[in-house]
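These numbers come from a predicted model, not from an experiment.
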Amino acid sequence: MNTLRQIYRPSLALLTDLYQLTMAYGYWKSGIAEKEAVFHLYFRKAPFNSGFTLACGLDYVVQFLQDLRFDAPACEYLASLTGEDGAPLFERGFLDHLARLEFSCDVDAVPEGTPVFPYEPLIRVSGPVLQAQIIETLLLTIINYQTLIATKSARICMAARGEPVLEFGARRAQGIDGALTASRAAYVGGCAATSNVLAGQIFGIPVRGTHAHSWVMMFDSELEAFQTYAEAMPNNCVFLVDTYDTLDGVRHAVEVGNWLRERGHKLQGIRLDSGDLAWLSIEARRILDEGGFPEATIVASNDLDEYIIRSLKEQGAKINVWGVGTRLATAYDQPALGGVYKLSAVREAGGAWQPRIKVSEQTVKISNPGILQVRRFRNLSNADEFFADAIFDSENPPSANCTIIDAADAMLRWNINPQAKWDDLLVPIFRAGKCVYQSPSLAEIRSFAGEQVTRLAAGTKRFENPHRYPVGLEESLHARKAAMVLAVRTNATVN
């Protein structure tokens with residue numbers, strides 16, 4: 001099912017930065033539009049100071065590329081653009097070229113739900129440079145946001161220690177698309193359900209929710225409000241108890257719970273949305289247990305995140321379900337993932353690949369040359385646990401005695417045991433523009449993500465000062481990069 005078609009018009013080709021199209025025009029005008037290029041999408045720094053990042057959004061990328069085309073309205077809009085002299089920005093011949101364009105690149109990517117680390121390519125695009133260039137913005141738009149939210153969700157779910165986390169972020173998300181994609185990515189990261197009904201319809205995510213404070217305030221008393229709600233929806237009773245006095249609200253929930261029980265229904269639980277959640281949950285648990293409802297859940301909300309949830313657990317809070325909204329859907333403490341898309345190799349048709357590198361005074365911004373792949377090694381004593389990743393040029397795979405060198409610090413290096421088993425992370429997605437990848441269901445992606453996170457060492461998953469998972473450039477790739485940087489800097493002039 002193509003979910004993008006359900007939400008948007010058929011073509012998203014113009015969801016790009018203008019400079020992608022001006023470069024594409026330049027490639028076409030200069031006759032190199034079909035020259036082959038390799039681009040990699042990666043990030044330089046993990047979000048939230050996390051020890052890992054969770055890749056997400058690939059299915060959107062697949063759907064976008066399958067539908068990539070410049071339809072008549074798109075081309076007519078581009079025809080209306082002018083330069084500073086008032087003349088058309090693009091020639092009609094170029095727009096005709098876009099109208100006839102059929103995607104023909106190769107694409108490789110890490111599957112959604114894979115833990116990834118700085119400098120590792122999440123997506124590799126190989127093919128005609130014009131095509132590979134114009135898809136940059138939308139690939140980054142998709143992958144940056146969904147990866148950010150999936151990572152935040154995974155951290156929050158780890159803090160909840162297996163208890164359900166509900167995503168409540170639609171009303172605080174950055175617009176309609178932000179709300180929908182946050183629901184999807186949060187589910188991949190481990191959330192059990194969402195309050196967003198449209199996300200439930202489109203993605204098949206379970207939906208949860210009962211009533212708000214306004215329901216209680218519509219009636220003359222809280223008890224009347226709970227009773228009326230129970231009569232209307234006896235199979236969906238989680239009462240929000242903090243409109244007036246929280247503990248009195250819990251007692252009213254118990255009273256209505258007895259009414260439900262007499263009629264063959266059950267009080268599912270209560271929700272706390274303000275106040276001292278630790279103390280209130282302990283007192284609420286006591287009232288519910290003494291009232292004969294030990295199985296009733298206590299749901300908590302109110303600007304929760306992984307740190308607050310961890311703190312509440314340390315305080316002995318009796319909360320069973322966690323409703324997380326603003327700080328999840330907006331990635332509150334880091335609102336963007338700085339993913340980039342960099343050219344790393346070019347060639348004439350049928351020729352040899354020529355590596356390319358972007359050099360900077362900032363070491364972290366120096367790109368890695370070649371046609372990159374990531375090899376993930378597994379622990380000899382525990383084959384289920386990952387212990388290191390090597391970034392290498394696929395035309396020169398690592399030897400058995402592999403050494404990896406940190407991309408930003410050449411003095412930091414690790415020798416990989418030659419007996420270690422491994423898997424290469426990037427898998428084929430498109431070949432010559434045809435999709436060769438069968439996207440798993442969202443539920444399967446969520447399950448895969450959960451399993452993958454369990455295979456990281458505990459120290460890597462710490463919230464503060466996580467253990468640094470070893471990632472580095474394979475030795476020969478590092479040597480090539482160093483030589484290319486040196487060649488550029490040797491020719492630099494200082495005045």
Under the 3.5 angstrom rule, does the side chain of Thr210 hit a backbone N or O of Val238 as a donor-acceptor pair?
yes
Residue pair Leu139 / Leu65: nearest heavy atoms and the distance that separates them
CD1-CD2, 4.4 Å
Compare all side-chain heavy atoms of Ile309 with those of Ile319 and state whether any distance is below 4.5 angstrom.
no
Do the side chains of Leu18 and Leu81 get nearer than 4.5 Å, heavy atoms only?
yes
Got more than 12 heavy atoms from elsewhere within 6.0 Å of NZ, Lys266?
no
May I ask you to decide if Tyr77's main-chain N or O and Ser80's side chain share a donor-acceptor pair within less than 3.5 Å?
yes
So His97 and Trp28, would you call those rings parallel, tilted or perpendicular, with 30° and 60° as cut-offs?
tilted
Non-hydrogen side-chain atoms of Arg155 and Cys157 separated by less than 4.5 Å
no
Is the number of heavy atoms from other residues, nucleotides or ligands under 6.0 Å of Arg171 CZ greater than 12?
no
When every non-hydrogen atom of Val107 is compared with those of Arg431, the smallest separation belongs to O-NH1, 3.5 Å
Any chance the side chains of Ser311 and Gln315 put a donor and an acceptor closer than 3.5 Å?
yes
Steps toward ring-ring contact (aromatic ring centres under 6.0 Å, His included) verdict (Phe43, Phe117):
CA-CA 8 Å; Phe43 59 91; Phe117 302 90; 8.4 Å; no
Output for pair (Phe226 CZ, Leu267 CG), nearest 0.5 Å, gives 9.5 Å
Within this structure, what is the CZ-CZ distance for the pair Phe239 and Arg271, rounded to the nearest 0.5 Å?
13.0 Å
Going by atom types alone, do His213 and Asp242 pair a side-chain donor with an acceptor below 3.5 Å?
yes
With sequence neighbours excluded, tell me which residues meet ring-ring contact (aromatic ring centres under 6.0 Å, His included) with Phe39.
Tyr341
For the residue pair Gln63 / Asp59, report whether a side-chain donor-acceptor contact shorter than 3.5 Å exists.
yes
Heavy-atom side-chain contact between Ser301 and Trp322 under 4.5 Å:
no
Nearest heavy-atom pair of Ile149 and Ala185: which atoms, and what distance?
CB-CB, 3.8 Å
For Tyr60, all residues meeting ring-ring contact (aromatic ring centres under 6.0 Å, His included), sequence neighbours excluded:
none
Worked verdict on Leu198 versus Ser183 for side-chain contact (heavy atoms from CB on, under 4.5 Å):
CA-CA 10 Å; Leu198 183 57; Ser183 295; over 6 Å; no
Spell out, as yes or no, whether a donor-acceptor pair under 3.5 Å connects the side chain of Asn236 to the backbone of Gly209.
yes
Residues His467 and Thr460: side-chain donor-acceptor under 3.5 angstrom
no
State, with a plain yes or no, whether a side-chain heavy atom of Arg310 is found less than 4.5 Å away from one of Met158.
no
Does Lys342 count as lying over the ring of Tyr42, i.e. NZ or CZ under 6.0 Å from the six-ring centre, within 45 degrees of the axis?
no
Please indicate whether Tyr437 has more than 12 foreign heavy atoms, meaning atoms of other residues, nucleotides or ligands, lying under 6.0 Å from its OH.
yes
Thr82 (side chain) donor-acceptor with Pro88 (main chain) under 3.5 angstrom:
no
Looking at Lys358, I want to see if its NZ is surrounded by more than 12 non-hydrogen atoms of other residues, nucleotides or ligands under 6.0 Å.
yes
Do Ser344 and Ser367 come within less than 4.5 Å of each other through their side chains, counting heavy atoms only?
no
Regarding Tyr469 and Asp389, is there a side-chain donor-to-acceptor distance under 3.5 Å anywhere?
yes
Would Val62 and Cys435 count as a side-chain contact (heavy atoms from CB on, under 4.5 Å) if you check the C-alpha gap in whole Å, the side-chain angles of each, and the deciding distance to 0.1 Å?
CA-CA 8 Å; Val62 170; Cys435 185; 3.8 Å; yes
Determine, stepwise, if the pair Lys313 / Glu163 fulfils salt bridge (Lys or Arg N to Asp or Glu O under 4.0 Å).
CA-CA 11 Å; Lys313 283 191 163 293; Glu163 293 170 343; 2.9 Å; yes
side-chain contact (heavy atoms from CB on, under 4.5 Å) between Leu68 and Phe64, worked out:
CA-CA 6 Å; Leu68 178 64; Phe64 160 61; 3.9 Å; yes
Would you say Ile123 and Ile143 make side-chain contact, with heavy atoms under 4.5 Å?
yes
Which heavy atom of Leu456 sits nearest a heavy atom of Pro115, and at what distance?
CD1-CB, 3.9 Å
Please answer whether the main-chain N or O of Arg327 pairs with a side-chain N or O of Asp305 as donor and acceptor at a distance below 3.5 Å.
no
Can you see whether Thr137 engages Gln20 through a side-chain donor-acceptor pair at a distance of less than 3.5 angstrom?
yes
Note: Ala24 and Leu130 closest approach over all heavy atoms is O-CD1, 3.4 Å
So does Pro128 get a backbone contact from the side chain of Glu34, meaning a donor-acceptor N/O pair under 3.5 Å?
no
Using a distance-only test with no angle check, is there a side-chain donor-acceptor pair under 3.5 angstrom linking Ser104 and Gln131?
yes
Answer yes or no: is there a donor N or O on one side and an acceptor on the other, between the side chain of Glu167 and the main chain of Gly325, under 3.5 Å?
no
With rounding to the nearest 0.5 angstrom, report the CD to CG distance, Glu306 to Asp333.
6.0 Å
Please check this pair: side chain of Thr194 against backbone of Asn196, looking for a donor-acceptor N/O pair closer than 3.5 Å.
yes
ring-ring contact (aromatic ring centres under 6.0 Å, His included) filter on Phe52, not counting sequence neighbours, yields none
Are the side chain of Thr228 and the backbone N or O of Glu224 linked by a donor-acceptor pair below 3.5 Å?
yes
Mind checking the CZ-CD spacing from Arg446 to Glu444? Nearest 0.5 Å is all I need.
13.0 Å
Salt bridge flag under 4.0 Å for residues Arg376 and Asp423
no
Give me the atom names and distance for the closest heavy-atom approach of Ala55 to Leu122.
CB-CD2, 4.3 Å
Go through the steps for Leu148 and Lys152 under the test side-chain contact (heavy atoms from CB on, under 4.5 Å), then give the verdict.
CA-CA 6 Å; Leu148 183 74; Lys152 187 67 170 177; over 6 Å; no
I need the Leu140 CG to Leu138 CG distance, nearest 0.5 Å.
9.0 Å
Are any side-chain N or O atoms of Asn320 and backbone N or O atoms of Ile298, one a donor and one an acceptor, separated by less than 3.5 Å?
yes
State the OG-CG distance between Ser394 and Leu426, to the nearest 0.5 angstrom.
9.5 Å
Answer whether the closest heavy-atom distance between the side chains of Tyr25 and Leu89 falls below 4.5 Å.
no
